[in-house]
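Here is the structure we will look at.
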Protein chains: 2
Amino acid sequence: MTLKILLAEDDTELRETLVDALEFEGMAVRACDCAETAIAAAQQERFDIALLDLVMPGMTGIEAQTALKQIQPDMGLVLTTAFATVDTAVEAMKKGADEFLTKPFNLEALATTLRRVQAQRQTQPQFADEEADKIFAALSNPIRRQALLHLSHHAPMRFMDLCRKVGIEDHTKFNFHLRQLKQSGLLQQNVNKLYILTNKGRQMCQLLAGE
Amino acid sequence: MTLKILLAEDDTELRETLVDALEFEGMAVRACDCAETAIAAAQQERFDIALLDLVMPGMTGIEAQTALKQIQPDMGLVLTTAFATVDTAVEAMKKGADEFLTKPFNLEALATTLRRVQAQRQTQPQFADEEADKIFAALSNPIRRQALLHLSHHAPMRFMDLCRKVGIEDHTKFNFHLRQLKQSGLLQQNVNKLYILTNKGRQMCQLLAGE
DNA sequence: AGGTTCAGATAAGGCCACTTCACAGAAACC
DNA sequence: GGTTTCTGTGAAGTGGCCTTATCTGAACCT
C-alpha cells in the first residue's frame, strides 16, 4: 500500500529533496510551500500522514496540525524543526502530534519513521465483532453506565453498596444489570466476590468520562 | 477539593522543599524517594496527580509513569527533569504524560500547573445521558458499525452505494439502520442527500478502529 | 411513455431486552 | 438458635427493537 504524504515545507530546496527522497521510497507526496495550502489540499483529498515544518511564514506547523486533525481525524501528524525546544516539542505532542523530529535528519530514517507512524495508527480493531455488540449494548443502559463510573472511582465494591450507590431499590434488577456487565467483559469479581472493572471496563470509563 | 499528589524525587532537599511548597498550597502530598515506592503507594491509595522526577536510581520516571497509568488510569502525570532533551520530552508525552517540566521551576507556577492538569482532566462527561443511550445502542449493531466505518474512509456516499458496500440486499432494512444512526447523532446528510459522519460519528469511528 | 432504480415511509409480526416476582442458600448479627 | 441481610437464580410478562412486506414519488434511461 502506497503511503500518501502531505508535506508542508517553506524551504524550496529542502522541500524538493524531501519529495525526491520520499517518492524514491515508494510514497506519494503532495508538497506545499505553506500550511494554508496543505490545509486546502486536505479538504480535497485524503492523506495518511502530514509532515509539517514547525516554523513557516503564516500558520505554524502546530496551528496547521490542529486544523488538519479536524479535517481528517485519522491522519498521522509528524512535525519537524531545526529549532527544537522542549517547550515546543511538548506543545506539539499535547496537540496530537505522533512524532517530533529535529533537523537535520537522515532521509532514510525519515521514511522508516513515517512507516512506523502509519503502522502504529493501523492497529488492530479494538473490538472483535461479537465483543463490540456486547460492550455497546451494555453501555446503552444508564444503570450500567452509572455502575461502571462508580467503580472507576471506588473499587473494589460489595454488591449492595454499589446497588445503593447507584440508587436501585430492587436488588434483583440491579443483579441482572451487573450480570450483563460481566458478560460483556467490562466487569469482574475478585476472590472475595467484590466487584472491580476489567481493563476494557476501565478503558470504556475513560471514554464515558471524556478522556 | 484537596489535590492528592504522589511525588517521586530522589534528591532529599528538593523533595522536602516540594512537599513544603505544595502543602502550603493546600495539596496533600505523599512523598517517595524512588519510583518503586511511589508505585507501591498507588496500589494502596488513590491520587489525582503523580509528579515524577525523570532521572532516579532504579526505575526512571518514564518507566514509572507507564506502571502508574496501569494501576490508576485516570491519574494525571507530570514529569520533571534538569536534563531535558527533545527526545525524552517526546517520549514521555507519547507514553501518556500530561506535562513535562524542566528544572529549575518556580514553585508557585508548579502548583498552578498541577491545578491546570487536574482541571483539564476533569472535563465534562462526553455524553449527555440520553445521548449516550442512543449512541451506544446504535453502535451495538454490526450493520451500523460497518456503515460508519465505511463512511469514515469514503465520505460522502449515496444511500444505495453504502447499502451495497455493507452488503445488505434489503434496502428498507438498511434504511431502518441508517435512520437509527441519524437519530443517534452519529450520521447526517449533506445538501445533496449524501451521507456523512458527524463529529461525534467520526470520534466513535476512531474508537472502533482502535485509536 | 413505459420501465427501472433510487430512497424513502409505514405497519405488522416475531424476537430480544428488561422488569418484576418468587425463591434459595450463605453470611452476619443479636 | 432465630432473625435479618446479602447475593444470587430462574420464570413470566411486557415493552422495545429488528425484520419483512407493501407502497410511494422522484429520477433516470430507453
Side-chain angles (χ1 to χ4, degrees), chain A residues 127 129-151 154-198 201 204, chain B residues 129-148 150-151 154-198 201 204:
Chain A
F127 311 102
D129 225 40
E130 285 182 14
E131 187 186 25
D133 292 348
K134 287 181 192 154
I135 286 176
F136 291 119
L139 290 174
S140 67
N141 178 278
I143 294 170
R144 294 177 216 162
R145 290 198 299 276
Q146 283 176 51
L148 288 177
L149 287 171
H150 280 298
L151 277 172
H154 304 286
M157 283 182 86
R158 294 186 324 129
F159 176 87
M160 286 307 303
D161 292 340
L162 183 54
C163 180
R164 290 194 188 96
K165 197 74 181 229
V166 173
I168 305 295
E169 289 198 6
D170 182 340
H171 80 275
T172 75
K173 174 177 173 175
F174 192 65
N175 179 270
F176 170 83
H177 288 289
L178 286 199
R179 218 161 30 211
Q180 303 309 305
L181 284 172
K182 281 172 68 181
Q183 280 168 22
S184 70
L186 299 176
L187 184 66
Q188 64 191 343
Q189 283 170 283
N190 68 17
V191 288
N192 304 310
K193 296 294 193 68
L194 302 186
Y195 285 94
I196 56 178
L197 298 178
T198 61
M204 299 314 289
Chain B
D129 225 40
E130 285 181 12
E131 185 185 28
D133 291 351
K134 286 181 191 156
I135 286 176
F136 291 120
L139 290 175
S140 65
N141 179 278
I143 293 169
R144 293 176 217 163
R145 289 199 298 279
Q146 282 174 52
L148 288 178
H150 280 298
L151 278 172
H154 304 286
M157 282 182 88
R158 296 185 324 128
F159 177 87
M160 286 308 301
D161 291 340
L162 184 54
C163 181
R164 291 195 190 94
K165 197 76 181 221
V166 172
I168 307 292
E169 289 198 7
D170 183 343
H171 83 273
T172 75
K173 174 175 172 176
F174 192 66
N175 180 268
F176 170 83
H177 288 290
L178 286 200
R179 212 160 35 214
Q180 301 309 304
L181 284 173
K182 280 171 68 182
Q183 281 168 22
S184 70
L186 298 176
L187 183 66
Q188 64 191 345
Q189 284 170 282
N190 67 18
V191 289
N192 303 310
K193 296 294 192 71
L194 302 185
Y195 286 92
I196 56 177
L197 298 178
T198 62
M204 299 315 290

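Order of the sequence lines sets the chain letters (A, B, ...), proteins ahead of strands, with each chain counted from 1. Not measured: the values here are computed from a predicted model. The basis for the numbers below is simple: all heavy atoms, side chains too, and nothing from hydrogens, waters or symmetry mates.
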For this session: Could you list where the contact with chain A starts and ends along DNA chain D, reading 5' to 3', using a 4.0 Å heavy-atom cut-off?
Result: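 Under 4.0 Å from chain A, the extent on DNA chain D is dC6(D) to dT9(D).
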As an exercise, state the distance from [atom1] of [X] to [atom2] of [Y], rounded to the nearest 0.5 Å.
X         : Y         : atom1 : atom2 : result
Phe176(A) : Ile143(A) : CZ    : CD1   : 10.0 Å
Tyr195(B) : His150(B) : OH    : NE2   : 15.5 Å
Leu197(A) : Leu148(A) : CG    : CG    : 6.0 Å

[X] versus [Y], closest heavy-atom pair with distance:
X         : Y         : result
Leu187(A) : Ile196(A) : CD1-O, 3.3 Å
Gln183(A) : Lys134(A) : O-CD, 3.7 Å
Ala147(B) : Leu181(B) : CB-CD1, 4.2 Å
Met204(B) : Leu139(B) : CE-CD1, 3.5 Å
Ser140(A) : Asp133(B) : O-OD1, 3.3 Å

Problem set entry | Covered region of DNA chain C, 5' end to 3' end, by chain B [heavy atoms, under 4.0 Å] | dC6(C) to dT10(C)
For this session: Indicate yes or no for a side-chain donor-acceptor contact from Asn192(A) to the backbone of Leu194(A) under 3.5 Å, with no hydrogens or angles considered.
Result: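 Such a contact is absent between Asn192(A) side chain and Leu194(A) backbone.
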For this session: Please list all pairs passing the salt bridge (Lys or Arg N to Asp or Glu O under 4.0 Å) test where one or both residues lie in residues 171-189 of chain B, with sequence neighbours left out.
Result: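 Qualifying pairs: none.
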Exercise. Under a 4.0 Å heavy-atom cut-off, which of residues 143-151 of chain A touch DNA chain D?
Worked result: none
Seminar exercise, completed: Contact check, residues 165-180 of chain B vs DNA chain C, heavy-atom distance under 4.0 Å, returns His171(B), Thr172(B), Asn175(B), Arg179(B)
Expected list for residues 155-168 of chain A: side-chain donor-acceptor pairs under 3.5 angstrom, two or more places apart:
{"from": "Arg158(A)", "atom 1": "NE", "to": "Asp161(A)", "atom 2": "OD2", "distance (Å)": "3.3"}

